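Note that the structure is a prediction, hence the values are computed from the model and not measured.
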Amino acid sequence: MSAQPARDSSGERHMVAMYSVLSATNEALLYAKTPTELFQRVCDAAVDGHQFLTAAVTTPDADTAWLRVEAASGIAASQLRESRISVDETTAEGRGLVGEAYRGIKPAISNQFMQDPRTAPWHAQAGRAGVASGAAIPIVRGGKAYGVMLFYAREIDAFGDSIVALLERMARNIVFALDNFEREAERQHAEAALRRSEDKFRNILESLDDAYYEVDLKGHPIYLNSAYARMLGYDHHHVAERDYRSRQTPEMTQVVFKAFNEVFRTGQSKRSQLWEYIHRDGSTIQVEGSVLLVKDEDGKPVGFRGILRDVTERRRMDQALRESEARFRAMTNLSSDWYWETDPETRFTRLESRETGLRESRNPLIGRAIWESTMQAHLPGGWDDFRALLADRQSFRDIVMQRMAPNKSPYYISMSGEPMFDSSGAYIGYRGISREITEQKVAEEHIHHMARHDSLTGLPNRLLFSSLLNAALKTAARYKRTFAVMFIDLDRFKFINDTLGHEAGDTLLKEITARFKQAVRASDVLARLGGDEFVVLVQEVPDREHAAAVARKLLSAAIKPIELMGQECRVTASIGISLFPGDGQDEQALMKNADSAMYHAKEEGKNNFQFYSSEISSQTLERLTLESNLRRALERQEFSLAYQAKVDLKSGRITGVEALLRWHNAELGAVSPATFIPVAEETGLIVHIGRWVMKTACLQNVAWQKQGLPPINMAVNLSVRQFADEHLLADVTAILAETGMNPALLELEITEGMIVHNVDRAIKLLTAIKQLGVRLAIDDFGTGYSSLGQLKNFPIDTLKVDRSFIRDLATDSEDKAITSAIIAMGKTLSLTVVAEGVETAEQQTFLREQACDEMQGYYFSKPVAPDEFAALLGKEKAT
Ligand SMILES: Nc1nc2c(ncn2[C@@H]2O[C@@H]3COP(=O)(O)O[C@H]4[C@@H](O)[C@H](n5cnc6c(=O)[nH]c(N)nc65)O[C@@H]4COP(=O)(O)O[C@H]3[C@H]2O)c(=O)[nH]1
């Protein structure tokens with residue numbers, strides 16, 4: 001239905017009023033904050049100018065099609081709120097102005113409301129309110145009716161075309177305002193969402209451990225998170241004040257600038273850049289950084305953003321790890337040890353060494369446990385013991401493992417290890433080092449063998465013999481068996497050794513060893529106790545005759561001729577036998593008794609064997625007592641020196657003195673040197689004793705001179721063992737220095753036997769002694785094998801003619817001849833000739849006639865105590 005024409009008379013007045021309504025509604029549009037407020041203000045404005053009785057804005061309920069009054073103003077407002085209006089065409093309430101306008105999307109006008117059948121349902125109500133005409137104007141949005149504005153006027157024909165057009169404009173303005181509200185709501189919504197997302201984003205950035213930055217194209221900070229400030233040691237406020245360049249070295253700034261520049265140019269992000277920053281405390285921190293180009297909506301670059309991670313500690317740890325790894329590697333490279341690690345099942349996972357791996361090839365052990373190799377563990381229970389130890393997670397040190405190398409030589413390693421646990425304390429395997437110790441082991445075994453064997457003959461030594469004897473004792477005692485211990489001493493060995501030299505002696509010992517071995521059974525034990533002493537443990541000896549048979553075999557083995565240094569020699573043996581159990585129940589008794597039986601055999605003329613008997617032991621005891629006392633004589637200060645003068649045969653004046661050793665023992669009394677010197681020789685004690693003699697004699701000589709006595713030569717005897725001692729020269733030198741003795745006054749007496757073999761050594765040693773300024777004399781000359789001709793090779797000063805030639809000078813013409821010859825030859829060699837053991841005037845006269853230089857003997861003086869000798873010398877000085 002179209003609007004009926006409004007009355008002309010009131011038309012203009014209406015239009016003016018309508019314009020003011022329109023401007024009022026426009027104002028409402030400006031100020032209203034919500035659609036409801038807007039609707040109310042529009043309705044108020046429409047009613048305010050009394051243009052309309054009532055104005056309302058309605059919207060249909062989408063579900064029920066009933067209209068909801070959003071806002072209403074004017075006198076019929078309250079009725080309107082209560083009245084039922086629908087947009088449903090099928091109902092009477094839906095066919096009114098509002099329903100029509102809504103559905104038709106155009107104004108529905110009723111200028112004679114009370115007569116209009118469309119508005120019938122509301123006539124009663126309208127009549128009470130004085131409604132004469134009505135207009136429903138749709139509020140059209142997006143081509144659809146959003147709602148309907150309803151106007152009532154008190155006049156008929158109130159809604160002419162121009163009024164309706166204005167109302168339609170009003171509706172459009174409302175729509176504009178609604179759109180604005182919606183846009184604003186959307187904007188606010190978007191803004192809130194943005195704010196929420198920004199907050200979220202910022203929260204995330206703030207909770208980061210890594211530094212986050214956003215800078216503009218000039219590098220000025222736009223946003224830096226707090227981790228950024230923390231990383232550099234500043235508070236948040238400070239760090240934002242300055243750009244990154246102030247916290248970097250100029251060189252680093254260049255590096256960073258280049259990276260940013262490249263990102264700017266290429267648009268490509270950069271990651272894992274390694275930069276350095278200067279921390280607030282001045283230290284340098286290492287940072288791994290990324291740069292991304294930030295663009296605006298138009299794709300124009302506006303800045304950069306990225307993450308910075310402080311990797312100082314990580315890199316320091318990496319570096320430390322690398323260094324420690326390098327150190328470890330250098331160590332394994334330097335040492336010959338292997339470093340190894342295993343998994344929890346003790347299978348090797350790592351094996352490192354200078355050569356990497358085991359000796360023969362690569363690492364056959366990787367992936368295997370050590371007991372899966374060909375190695376054997378040197379543990380009492382073998383690998384079981386080792387596995388038990390590992391199961392207990394015990395550390396172990398220097399466990400020796402062994403196997404045969406392909407060439408059948410033994411191969412040893414020593415292994416040390418400890419369990420490994422991870423950071424949670426869980427066991428993860430073993431680690432340790434191993435080293436090859438084959439050489440050491442072989443050497444140890446060699447030493448072990450050497451410690452138990454004699455190096456010259458390869459026979460068991462005293463130590464090994466002792467343990468074998470003890471083992472034999474146990475078995476024999478348990479099984480009631482008998483055995484014999486035989487002590488064997490070679491009779492002429494010392495002589496051969498002294499005259500033909502050590503080499504000959506060694507050859508002899510080896511030969512005798514071979515023969516003795518043949519003479520006994522394999523089950524018997526032959527050992528060398530030292531020197532020329534052997535011992536045999538003869539197993540299963542049922543009676544004395546059996547033992548005697550073995551002894552006889554040994555004797556005949558010894559006596560067979562042997563060629564030494566081109567000479568045929570013979571040695572004999574003396575054998576002493578003790579029997580188990582009759583002659584002793586233990587090692588000590590059996591050995592001691594066999595030893596004394598052996599001495600008895602010697603006394604019985606050598607080259608025989610003797611069984612132990614209680615009678616012989618007393619004699620042996622004597623020697624043993626002597627020996628044991630002698631061993632303690634030095635420390636007990638039982639030695640002294642006697643001094644025997646040497647006299648010039650022409651002038652009769654004392655020219656020198658010989659120091660002679662005396663031993664006085666509390667138990668044994670005065671023991672003659674002829675008795676104890678050989679024992680001291682045999683036992684080697686003579687070396688210490690001889691040193692003591694030389695030192696005491698020198699001190700005495702110096703003391704006499706200090707007493708004002710004239711300086712005289714001091715002769716000291718050297719023994720075979722002393723001469724053979726490699727320290728002799730050093731000893732003489734040291735004694736001279738210690739005592740302050742004039743070397744020219746010292747004369748060392750040696751015997752021929754000492755120098756005839758190993759002539760080269762003797763010449764060298766004697767020459768060296770001479771170079772000290774010390775004189776040398778040949779003692780007991782004439783008894784040995786040396787000829788005078790040989791003597792000229794030695795740097796000798798004095799020749800002492802042996803006492804045995806002097807003794808019988810008066811009666812023995814041969815001795816006379818020999819003595820004269822020795823004196824004459826000595827003279828031609830410019831040696832001082834001294835005659836020993838001069839006891840009578842005849843002897844003296846003879847010697848003087850032969851132009852012998854000096855004499856020594858009881859005739860002038862016996863060996864005397866130092867004081868006595870000093871008196872003798874003092875007396876002479878006085879004359
Ligand atoms: N019958 C007789 N004998 C006389 C006469 N004049 C001296 N004697 C003795 O002859 C020995 C001389 O010493 P020797 O030939 O070197 O013989 C020494 C020497 O070989 C050795 N001896 C003594 N003292 C030492 C020493 O300090 N070191 C070494 N290695 N041997 C020593 O012991 C041997 C014996 O020494 P002693 O008993 O002191 O015997 C001394 C001395 O007392 C005499 O007129 N008639």
| Distance-only, no hydrogens or angles: does the E372 side chain make a donor-acceptor pair with backbone N or O of A369 under 3.5 Å? | yes

| field | Atom CE of M317: over 12 foreign heavy atoms under 6.0 Å | value | no

| Are any non-hydrogen side-chain atoms of E587 and F465 less than 4.5 angstrom apart? | no

| remark: Nearest heavy-atom contact between P419 and S395 is CD-OG, 3.7 Å

| request: Ignoring hydrogens and angles, state whether a donor on the side chain of Q319 or R322 is under 3.5 Å from an acceptor on the partner side chain. | output: yes

| query | Of all heavy-atom pairs between G584 and A589, which one has the smallest distance, and what is that distance? | reply | CA-CB, 3.9 Å

| Donor-acceptor contact present, side-chain S466 to main-chain R462, <3.5 Å | no

| field | S226 and E206: side chain donor to acceptor below 3.5 Å | value | yes

| Side chain of H453, backbone of H449: donor and acceptor closer than 3.5 Å? | yes

| Whether R431 side chain and R350 backbone form a donor-acceptor pair below 3.5 Å | no

| message | Can you confirm if the NZ or CZ of R528 lies within 45° of the ring axis of F516 and under 6.0 Å from the centre of its six-membered ring? | response | no

| remark: To the nearest 0.5 Å, atom OG1 of T457 lies from atom CG of L509 at 7.5 Å

| Test item: side-chain donor near acceptor, E445 and Y412, under 3.5 Å | yes

| request: Decide, yes or no, whether a salt bridge links R387 with D384 under the criterion of side-chain N to carboxylate O below 4.0 Å. | output: yes

| said: Check whether N461 reaches the backbone of L464 with its side chain - one donor and one acceptor, N or O, closer than 3.5 Å. | reply: yes

| field | Spacing of D343 atom CG and Y427 atom OH [to the nearest 0.5 Å] | value | 8.0 Å

| Got E288 and L308 here, is their nearest side-chain heavy-atom distance under 4.5 Å? | no

| Atom OG of S414 and atom CZ of R435: how far apart are they, to the nearest 0.5 Å? | 5.5 Å

| field | Heavy-atom pair of closest approach, residues W340 and S434 | value | NE1-OG, 3.0 Å

| task | Say whether, by atom type as modelled, one donor and one acceptor occur between the side chain of N225 and the main chain of L205 under 3.5 angstrom. | result | yes

| query | Would the number of heavy atoms belonging to other residues, nucleotides or ligands and lying under 6.0 Å from CD of Q588 be above 12? | reply | no

| Are the side chains of I488 and I512 in touch, meaning some heavy atoms are under 4.5 Å apart? | no

| message | Taking the cut-offs as 6.0 angstrom to the six-membered ring centre and 45 degrees off its axis, would you call R393 and F421 a cation-pi pair? | response | no

| query | Within a radius of less than 6.0 Å around CZ of F201, do more than 12 heavy atoms belonging to other residues, nucleotides or ligands occur? | reply | yes

| message | Determine whether a donor-acceptor pair (N or O, by modelled atom type, separation under 3.5 Å) exists between the side chain of S416 and the backbone of G432. | response | no

| query | What are the two closest non-hydrogen atoms of Y430 and M420, and how far apart are they? | reply | O-CE, 3.4 Å

| said: Determine whether T312 and T284 satisfy the following criterion, side-chain contact (heavy atoms from CB on, under 4.5 Å), listing intermediate values before the conclusion. | reply: CA-CA 8 Å; T312 317; T284 300; over 6 Å; no

| request: Please check if atom CD in Q518 has more than 12 non-hydrogen atoms from other residues, nucleotides or ligands closer than 6.0 Å. | output: no

| said: What verdict does the salt bridge (charged side-chain N to carboxylate O under 4.0 Å, His left out) test give for R632 and E635, after you've listed the backbone C-alpha separation in whole Å, the side-chain angles of each residue and the deciding distance to 0.1 Å? | reply: CA-CA 6 Å; R632 280 173 237 122; E635 64 187 67; 5.9 Å; no

| said: Determine whether a donor-acceptor pair (N or O, by modelled atom type, separation under 3.5 Å) exists between the side chain of R721 and the backbone of E681. | reply: yes

| Any salt bridge between E262 and K258, counting N to O under 4.0 Å? | no

| remark: Minimal heavy-atom distance between F264 and P301, with the atoms involved, is CE1-CB, 3.7 Å

| query | For I278 and Q248, which heavy atoms make the closest approach, and how far apart are they? | reply | CD1-C, 3.8 Å

| said: Using the rule given for side-chain contact (heavy atoms from CB on, under 4.5 Å), can you reason through L274 versus V311, listing the C-alpha separation, both sets of side-chain angles and the distance that settles it, and then say yes or no? | reply: CA-CA 9 Å; L274 202 68; V311 291; 4.1 Å; yes

| message | Side chains of R368 and R347, heavy atoms from C-beta outward: is any pair under 4.5 Å? | response | no

| query | Backbone N or O of R521 within a donor-acceptor pair of the D524 side chain at under 3.5 Å? | reply | yes

| query | Is M591 close to F487 at the side-chain level, that is, under 4.5 Å between some pair of heavy atoms? | reply | yes

| said: Quiz question: by atom type and distance under 3.5 Å, do the side chains of D281 and H279 form a donor-acceptor pair? | reply: yes

| request: Would you please classify the geometry between the Y223 ring and the Y212 ring as parallel, tilted or perpendicular, with 30° and 60° separating the classes? | output: tilted

| task | Would you mind reporting whether M401 and W383 have side-chain heavy atoms less than 4.5 Å apart? | result | yes

| said: Do R481 and T475 make a side-chain contact, defined as non-hydrogen atoms from C-beta onward lying under 4.5 Å apart? | reply: yes

| task | Calculate, to the nearest 0.5 Å, the distance between atoms CZ and OG1 belonging to F534 and T513 respectively. | result | 4.0 Å

| request: Tell me, yes or no, whether the heavy-atom count around R230 atom CZ, taken from other residues, nucleotides or ligands under 6.0 Å, exceeds 12. | output: yes

| query | Once you round to the nearest 0.5 Å, how far does CE of M231 lie from CG of D210? | reply | 9.0 Å

| message | Go through it in stages, so that I can follow the logic: the residues are I307 and L208, the test is side-chain contact (heavy atoms from CB on, under 4.5 Å), and I'd like the CA-CA distance, side-chain angles, deciding distance and then a yes or no. | response | CA-CA 10 Å; I307 296 271; L208 281 184; 3.8 Å; yes

| side-chain contact (heavy atoms from CB on, under 4.5 Å) assessment of R515 paired with E511 | CA-CA 6 Å; R515 294 182 191 174; E511 173 61 24; 2.9 Å; yes

| request: Rounded to the nearest 0.5 Å, what's the gap from CG on L765 to CD on E726? Could you check? | output: 11.5 Å

| query | In terms of ring plane angle, is the pair F260 and W275 parallel, tilted or perpendicular, where the classes change at 30° and 60°? | reply | tilted

| task | Look at the side chain of T342 and the backbone N and O of G429, then say whether any donor-acceptor pair between them is shorter than 3.5 Å. | result | no

| query | With a 4.5 Å limit on heavy-atom distance, are the side chains of D216 and F304 in contact? | reply | no

